[in-house]
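In each ligand, atom 1 is the first atom listed, and ligand 1 is the first ligand listed. Computed over heavy atoms, backbone and side chain alike; hydrogens, waters and symmetry mates excluded.
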Amino acid sequence: MLSTFSSSISALLDARAEGYTLPAGLYTREDVFGADLDVFYRNHWIYIGLECDVPEPGDATVIDIGSTSLIVLRDDDDNIQVVHNVCRHRGSRLLDAGPTVISKLVCPYHQWTYELSGELVYAPHMGTNFDKSCRNLKTVNFKSIGGLIYVCLSDTPPQDIANLEAVMEERLAPYDIRNAKVAYQTDVIEKGNWKLTIENNRECYHCAANHPELCVSFVEQDFGYDADTLSQEDRAEAEEYQRLYEQRIKAWEAGGYPSAPVEQLAGHATNFRTQRLIISGKGESQTADTTAASAKLLGKMSRKDLGDTHLWGHNSWNHFMGDHAVTSMVIPLSANRTLVRTKWLVHKDAIEGVDYELAKLTSVWIATTDQDGELVGRSHLGVEDPAYEPGPYSPFTEGQLDNFATWYVERMRAHGY
Ligand code: FES
Ligand code: FE
């Protein structure tokens, strides 16, 4: 059996059949988990947070990815810095996980002290010949794309992030996410492998039965459906949405808002897809009644009818709407535990209780994220069962999962597995 410990990771990758889910061991084995962290979280670009997580000089936050700990901070010149959370003396962690405010980075162990730029400025009792300049904090390759911070822990990061940057800087510009405000954040630990989390996010096959709150504003568009299996009424509705979607895309594009799907996947290290989706009902926002949750629109937005700019990566999904944005990142904790961190963003000057109510802003995606966590947990339990064997993806609604699984195998191969 391929999920047993004796088969190599390479044999598991060989066993993956196109159109089917992955062999069990690729979701469940600890050695595969280690390989995944190395390939997808060390050697690819990953989304770890936002510029507006650290809005003021001295704001810092710590993000842990496997055994790596990163400090994201805003320095005294208002620049974002990402440095390793490892003292250059004897390696102590400098800061604990989570947000904080600092004027300098002082190691709690022997008080070596670093400027917010990472420069070592104080290291007592090291002798007159000690060269502090060789002991600055190690920096991390990062890019802020429209205010979203991506890092790559490799010394040779994939260059094809340039395409994501070119597409999304333009698409995100009107939302001014760099200067947004994080109104709320949740951490959900899903009891499943990170690839099940991503697969679950890339289809809405499960939405009608599981996401009553989301389905008020979110409809299948351009994801495909099998018209033959729909009732006449549902087929008419699906066709109407498809017509509306195509019409809106044309109108938005003509109005200067890039909206058509752009995807980079097979043959590339950096995996992303973006498209502007329509919001049903009143069409403004993913809220319980589909109207805007915040009276102050994001950034330079002047319209609420620009749908939902959706962006997926291999460890994130995001929705940018006129009045707010919802952004989720996926950090694997173990083979069967995955952190999903979700943030709700509003205009930086929007005031809770005046411009928006937190319950209206967050209710749809809090419910949806909890429901998805439950589904991923169920899915992982089934995959761990010896009776599991890879199952067929729907050619109509799960094509993106098939593409993701194929990309996963391709990237593992590219890294020598
Ligand atoms: Fe940081 Fe010694 S380990 S000062
Ligand atoms: Fe879902």
Are E115 and K104 close enough for a salt bridge, meaning some N to O gap below 4.0 Å?
yes

Does any N, O or S atom of C207, backbone or side chain, fall under 2.8 Å from the Fe ion (ligand 2)?
no

Among the N/O/S atoms of H89, which is closest to atom 2 (Fe) of ligand 1? Give the atom name.
ND1

I'd like to know if E253 and K250 make a salt bridge, using a cut-off of under 4.0 Å between side-chain N and carboxylate O.
no

Find, among atoms of H206 that are N, O or S, the one nearest to the Fe ion (ligand 2), and state its name.
NE2

Tell me which protein heavy atom sits closest to atom 3 (S) of ligand 1, plus the residue, atom name and distance to 0.1 Å.
R90 N, 3.4 Å

Do the side chains of D53 and R74 get close enough for a salt bridge, i.e. N-O under 4.0 angstrom?
no

Counting from 1, what ligand 1 atoms have a heavy atom of C107 closer than 4.0 Å?
1 (Fe), 3 (S), 4 (S)

Does a side-chain N-to-carboxylate-O contact under 4.0 Å join D176 and K348?
no

Proximity of H310 and W312 rings by center, below 6.0 Å:
yes

Atoms in ligand 1 with a heavy atom of C87 nearer than 4.0 Å:
1 (Fe), 3 (S), 4 (S)

Atom 2 (Fe) of ligand 1 - name of the N/O/S atom of H110 that sits closest to it:
ND1

Closest approach to the Fe ion (ligand 2) by D372, given as the N, O or S atom name:
OD1

Proximal atoms of ligand 1 relative to S92 (non-hydrogen, under 4.0 Å):
3 (S)

Which of these passes ring pair (Phe, Tyr, Trp, His ring centres under 6.0 Å) with F40: F404, F33, Y47, W407?
W407

Polar side-chain atom of E410 near backbone of G267 as donor-acceptor pair, under 3.5 Å:
yes

For a distance under 2.8 Å, tell me if C204 has an N/O/S atom near the Fe ion (ligand 2).
no

Find all atoms of ligand 1 within a distance of less than 4.0 Å from any non-hydrogen atom belonging to W112, and give their numbers and elements.
4 (S)

Can D305 and K282 be counted as an ion pair, charged N to O under 4.0 angstrom?
no

Close-contact set for ligand 1 against Y109 heavy atoms, below 4.0 Å
2 (Fe), 3 (S)

